[in-house]
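Written out below as structure tokens is the structure these notes cover.
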Amino acid sequence: MATLEGEAMGDIESGLGARTAVVGAIGDSASPADAFLISMRLSCRGVRPVNLGTGLTLDQAAAEMSCHWGAEALLLICTGRTRTVVRQLSGLADLAAAGAIGRPVFVGGARGSAWRELQEVAAPLRRAGVAQVLADLADAAYLLPVRRATMPDVPAAWGAGVGSRVA
């Protein structure tokens, strides 16, 4: 990845007030290429992704979430084996109740073709505690809160205007 003065290009493009999301795939429900593509597409939509890759357990994803306190959501990729993902996410409500995952969890595919499989398991996933099931997980960018960068306090002298005397 190209860098400029030690900053990753995605960090520069996201700018101040950018949103962050932790992204990964539970088990073998997605390929590493799908995880990479979702992260890239989220970055293009103004979300700074923390890509955990594939082969995660729910407990590992929750532990990583606690390391990234600024992340607004946990995004789990599911492009296949949807029934297995439902079983693996069955403990989500318990983890949320224990405070291990204090932010919303979104599950989705890497492209629109995954919607047929995800549609069949959307209700069980919602009952397990998933906030939203999306055909394209990159669309979660539109559901995350937008944070505005705050300006530091401006000294009163700055507002005095040109030619004004400030004592």
Side-chain angles (χ1 to χ4, degrees), residues 8 10-11 13-149:
D11 292 344
E13 294 166 358
S14 298
L16 292 174
R19 300 158 299 159
T20 302
V22 175
V23 182
I26 300 291
D28 60 353
S29 64
S31 71
D34 285 333
F36 175 75
L37 289 173
I38 288 290
S39 292
M40 291 296 294
R41 292 174 60 227
L42 285 165
S43 182
C44 289
R45 295 177 184 186
V47 176
R48 184 176 297 132
V50 176
N51 190 343
L52 304 178
T54 61
L56 299 170
T57 65
L58 182 57
D59 290 331
Q60 288 171 328
E64 286 293 329
M65 226 15 221
S66 67
C67 293
H68 299 282
W69 57 268
E72 279 87 8
L74 174 61
L75 310 179
L76 299 175
I77 308 162
C78 180
T79 59
R81 301 181 183 251
T82 53
R83 301 270 179 220
T84 303
V85 171
V86 171
R87 274 194 313 275
Q88 291 172 332
L89 292 180
S90 63
L92 181 60
D94 295 333
L95 283 174
I101 299 179
R103 283 147 285 179
V105 176
F106 297 97
V107 173
R111 53 197 163 278
S113 62
W115 181 240
R116 288 188 188 129
E117 291 179 7
L118 287 169
Q119 192 174 17
E120 295 174 9
V121 297
L125 286 172
R126 294 295 304 268
R127 284 192 297 271
V130 171
Q132 192 67 261
V133 179
L134 303 164
D136 184 350
L137 193 56
D139 289 341
Y142 304 118
L143 302 174
L144 298 177
V146 176
R147 292 186 179 170
R148 300 283 182 227

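What you see is a predicted model; the values in this text were computed from it and never measured. Values below: every heavy atom of this structure, side chains too, minus hydrogens, waters and symmetry copies. Nothing fancy with the numbering, it's 1 onward along the sequence.
Taking every heavy atom of both residues into account, Ile101 and Ala62 meet most closely at CG1-CB, 3.7 Å. Shown here for Ala21 and Leu75, the closest heavy-atom pair between the two residues is CB-CD1, 3.7 Å. Considering all non-hydrogen atoms of both residues, Gly109 and Ile38 come closest at O-CD1, 3.7 Å. Looking at every heavy atom in both residues, Ala73 comes nearest to Leu144 through CB-CD2, 3.6 Å. Of all the heavy atoms in Pro49 and Val23, the pair that sits closest is CB-CG2, 4.1 Å. A pairwise comparison of heavy atoms in Arg19 and Arg45 identifies NH2-O, 3.1 Å as the closest pair.
Separation of atoms CG (Asp139) and CG (Leu137) is listed at 8.5 Å; rounding is to 0.5 Å. Note that CG of Leu52 and NE2 of His68 are 6.5 Å apart. Values are rounded to the nearest 0.5 Å. How far CZ of Arg127 is from CG of Leu92: 13.5 Å, rounded to the nearest 0.5 Å. With values rounded to the nearest 0.5 angstrom, Thr54 atom OG1 is found 10.0 Å from Asp34 atom CG. The distance from the CG atom of Leu134 to the CD1 atom of Ile77 is 12.0 Å, given to the nearest 0.5 Å. The CD atom of Glu72 sits 12.5 Å away from atom CG of Leu143, with the distance rounded to the nearest 0.5 Å.
Among residue pairs with one or both ends in residues 54-71, none qualify as salt bridge (Lys or Arg N to Asp or Glu O under 4.0 Å); sequence neighbours excluded.
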For Leu76 and Val130, run side-chain contact (heavy atoms from CB on, under 4.5 Å): C-alpha distance rounded to whole Å, both residues' side-chain angles, the deciding distance at 0.1 Å, then the answer. CA-CA 10 Å; Leu76 299 175; Val130 171; over 6 Å; no
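The side-chain heavy atoms of Val107 and Leu89, taken from C-beta on, include a pair separated by under 4.5 Å. At a threshold of 4.5 Å between non-hydrogen side-chain atoms, the residues Val121 and Val85 do not count as touching.
Proximity of a side-chain donor or acceptor of Arg126 to a complementary backbone N or O of Ala131 within less than 3.5 Å is detected. Under the 3.5 Å distance criterion, the side-chain polar atoms of Arg103 are left unmatched by any main-chain donor or acceptor of Leu74. Proximity of a side-chain donor or acceptor of Ser43 to a complementary backbone N or O of Ser39 within less than 3.5 Å is not detected.
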